[in-house]
Amino acid sequence: MMSRYLVTLLNDLDIEIEEQERVKKVVKELNITDNEIQFYLKSFQHYDRNKDNTISTEELPAAIQGCGLNPTQKEVQRQIDRFDLNHSGKIELSEFMAMTKAVFEVHDASSLQRAFDKFDINRDGYINVDELREVLTTRGEPLTDQEYRQMIAEADIDGDNRIDIKEFILNMKRYDVL
């Protein structure tokens, strides 16, 4: 049965009926949770810079880098070939959800450490608001300072205004992306 969250989300999104059906199918087949849906949608919207409800070949490298990977152009093309099921040359939401789910399923502890390290620019073992801003600004549309602070606050369990590796992993689990 489809969750109320997904029904509401699909009604609110400006996407074609065919794509809505593909999203429903992906969610069902891959057992994607509401938390994962929320995470994938926010990520998709972040990397869809021109807001055309697709991620182009130009936008996709940043999206893959956001998963903690550093793809070559050949690897980006391989992802498009693998997940662009309707052969549009772009990645729609349903395809992005399937791709992101697959990427996170293969992440092990060392992959999570590498993802964390991409944000921990000064290598002090923590991600602070300045590092978060620097990394995310280079990978998509910049957010406001308040939004960056809010992201840190939501992930910061011990209240020290920064994220350590344990908090990073716990938050990945909290949002069901592991």
Name the one of Ile80, Ile91, Asn50 that satisfies side chain to side chain contact (heavy atoms under 4.5 Å, CB included) with Ile55?
Ile91
Contact between Ile37 and Asn35 at the side-chain level, heavy atoms closer than 4.5 Å - yes or no?
no
Starting at NZ of Lys28, measure out to OG of Ser3 and round the result to the nearest 0.5 Å.
13.5 Å
Salt bridge check, Arg78 against Asp81: does any charged N sit closer than 4.0 Å to a carboxylate O?
no
For the residue pair Asn161 and Asn128, establish whether any side-chain heavy-atom pair is separated by less than 4.5 Å.
no
Check whether any side-chain N or O of Arg49 sits under 3.5 Å from a backbone N or O of His46 as a donor-acceptor pair, and report yes or no.
no
Find out if a path of hydrophobic residues (ILVMFWY) with successive side-chain heavy-atom gaps under 4.5 Å connects Leu85 to Leu30.
no
Does some side-chain heavy atom of Arg22 sit less than 4.5 Å from a side-chain heavy atom of Leu93?
no
For a side-chain hydrogen bond (donor to acceptor under 3.5 Å, both in side chains) check, start with the C-alpha distance between Glu154 and Gln150, then their side-chain angles and the critical distance, and finish with the verdict.
CA-CA 6 Å; Glu154 288 175 6; Gln150 183 178 349; 2.9 Å; yes
Minimum heavy-atom distance between Val27 and Met97, given as atom pair plus value
CG2-CE, 3.6 Å
Kindly say whether Tyr5 contributes a backbone atom to a donor-acceptor pair with the side chain of Asp34 at under 3.5 angstrom?
no
Distance alone, cut at 3.5 Å: any donor-acceptor contact between the side chains of Asp117 and Gln113?
yes
Short side-chain donor-acceptor distance under 3.5 Å, Ser56 and Glu58:
yes
Anything under 30° is parallel, anything over 60° is perpendicular, the rest tilted; go ahead and classify Phe119 against Phe168.
tilted
Contact check, side chains of Thr33 and Gln38, non-hydrogen atoms, under 4.5 Å
no
Residue pair Glu75 / Gln79, side-chain donor-acceptor N/O under 3.5 Å
no
What distance do Tyr126 atom OH and Phe116 atom CZ have between them, rounded to the nearest 0.5 Å?
8.5 Å
Nearest-0.5 Å distance that lies between atom CD1 in Ile152 and atom CD1 in Ile127:
6.5 Å
If you measure from OG on Ser94 to CD on Glu18, what distance do you get to the nearest 0.5 Å?
11.5 Å
Is the count of non-hydrogen atoms from other residues, nucleotides or ligands lying under 6.0 Å from Arg4 atom CZ greater than 12?
no
I'd like to know if Lys166 pairs up with Asp164 as an ion pair, taking the criterion as any Lys NZ or Arg NE/NH1/NH2 lying under 4.0 Å from an Asp or Glu carboxylate oxygen.
no
Say whether Asp52 and Thr54, considering side chains only, have a donor N or O and an acceptor N or O under 3.5 Å apart.
yes
Okay, side chain of Tyr148, backbone of Leu143: is any donor-acceptor separation there less than 3.5 Å?
yes
Report yes if some heavy atom in the side chain of Phe96 is under 4.5 Å from a heavy atom in the side chain of Asp48; otherwise report no.
no
Any side-chain heavy atom of Glu19 within less than 4.5 Å of one from Leu13?
no
Of all heavy-atom pairs linking Ile163 and Ala155, the shortest is CD1-CB, 3.5 Å
In the structure I gave you, are the side-chain heavy atoms of Val23 and Leu6 within less than 4.5 Å of one another anywhere?
yes
Spatial distance of atom CG (Asp84) from atom CE (Met99) [nearest 0.5 Å]
10.5 Å
Any side-chain heavy atom of Leu136 sitting closer than 4.5 Å to one from Met151?
yes
Between NZ of Lys101 and CZ of Phe39, what distance do you get to the nearest 0.5 Å?
11.5 Å
